[in-house]
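Predicted, not measured: the structure shown is a model, and the values here were computed from it. No hydrogens, no waters, no symmetry mates; every other heavy atom, side chains included, goes into these values. Counting convention: from 1, in listed order, for ligands and their atoms alike. In this chain, residues are counted from 1 in sequence order.
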Amino acid sequence: MRHQNPQPCIQFLGGVGTVTGSKFLVSLGSEKILIDCGLFQGLKELRLQNWAEFPIDPRSITAVVLTHAHLDHSGYLPLLVKKGFAGKIYCTPPTRDLSKIILEDSAEIQEEDADYANKKGYSKHDPAKPLYTIEDVRRSLRHFTVVPNSDWFKINDRIKFRFKPNGHILGSAFIELKIGTTKITFSGDMGRKNPIILNPSSSPEKTDFLIVESTYGDRLHPNLSPARELKRIINETLARKGKLIIPSFAVGRAQDLLHLLSQLRAQNDIPNVPIYLDSPMGIHATDIFMAHSKWHKLKNNEVDALGRIAVMVRKQRNSIEIAEKKQSSIIIAGSGMLSGGRVLHHLEKCLPDERNTVLIVGFQAASTRGRLLKEGIPELKIHGKYIPVHARIEEISGLSAHGDQKEILDWLKQFKTAPKNTFIVHGEPQASDALRVCIQDRLGWNCTIPKPFDHFILPN
Ligand SMILES: [Zn+2]
């Protein structure tokens, strides 16, 4: 029988046709590398996919390599380990620290949801079970192995990879994977050209195949300075004697906001009202940010100012007290898409009053409360009640941690030659398609928008 060398393949197990659930499986013969292992979030039909049987036997996966810690890239790991994955999970040091708090928080939410469903008796399963528990998270954390720098790291004789910082969140990277003789580059979530507190992305070189995200593939961020916009919104809200509620992701956005607020305050651009970071995870992420000085661009005095600008609200009891107060203040609270967390009781109190402002600062997936507010919904359902929306709804999309169409294109232009194929992932369908058209027209590259579970051979 003629011996044939196996060809590398890629299969898209998540993170296509949506911005969540990223899981890209690269294989060469019996070797299988999973790039990211995210949870599906948002619409119920997406979330249900987290409960489906994993499409391959997790025991057959050699290793997982993580681009960054966000839940939609790391959140399925506890389940993967529970289902038998026994290999290593490679990541940068900040990704390891951030994944720990993100996964623990996720398990807590899963356990609370299951308890709640049991109490209310609305679960189809009896009793309702969490997707995974804190104990599952602890077990998965034992598989994490940090790679401290951007050097090539050998998984075995045929597979190596390296992390290149990409300016999306602390510790985030794009990944270059060499499998056999084929090089595949995964953009991860693309950062901004000039991130507020992080270093800009490293440049890519050359690759055989490219997997690129497209969250903002159909949009350009407005050319407004986030600091100036924030200053305007704060001053207008405070002039009306209102409160400013900023729903924010705990990791990244919250630290960007703290830095901008500390700068505005130092320049006397905003009045001296109380600022709260009302998010235990946000507080924890801020501590991790401050501990990893090599991974961001702030100077020590700027880090100190960032850490001092807000009252850190650790206890739920204090959070409720702050929500009851009528006094003007600035409150940063999770969750970022308003799907849960402490921001909900602030919104319940603040939305009916036209003096207040809700400031949207991040991507809002379809059908989330954040998206509904942006689209001008007159009443928002919170804790089973319809709350009238009279507060102003503002948005600073310039604070997004994702590059826009132009920023993605500028990053792609740095490749010295065109990849053989560019797979466009991690976007809602219209965003991915707009980026496809743009790459084909402007760069003349081959592009493919994979569908869930699509499988491609990647010949060298
Ligand atoms: Zn991300």
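- Checked against the Zn ion (ligand 1), the N, O or S atom of Asp189 at the shortest distance is OD2.
- Within the coordination shell of the Zn ion (ligand 1), defined by N, O or S atoms under 2.8 Å, His68 is present.
- Between the side chains of Asp218 and Gln405, no donor-acceptor pair of N or O atoms lies under 3.5 Å.
- Side-chain atoms of Ser397 and Glu395 include no donor-acceptor pair closer than 3.5 Å.
- When each of Phe415, Phe174, Phe186 is tested with Leu210 by the rule side chain to side chain contact (heavy atoms under 4.5 Å, CB included), just one qualifies, namely Phe415.
- Within His70, the N, O or S atom at minimum distance from the Zn ion (ligand 1) carries the name ND1.
- The name of the N, O or S atom in His168 nearest to the Zn ion (ligand 1) is NE2.
- For Ser201 and Trp411, the side-chain atoms include at least one donor-acceptor pair closer than 3.5 Å.
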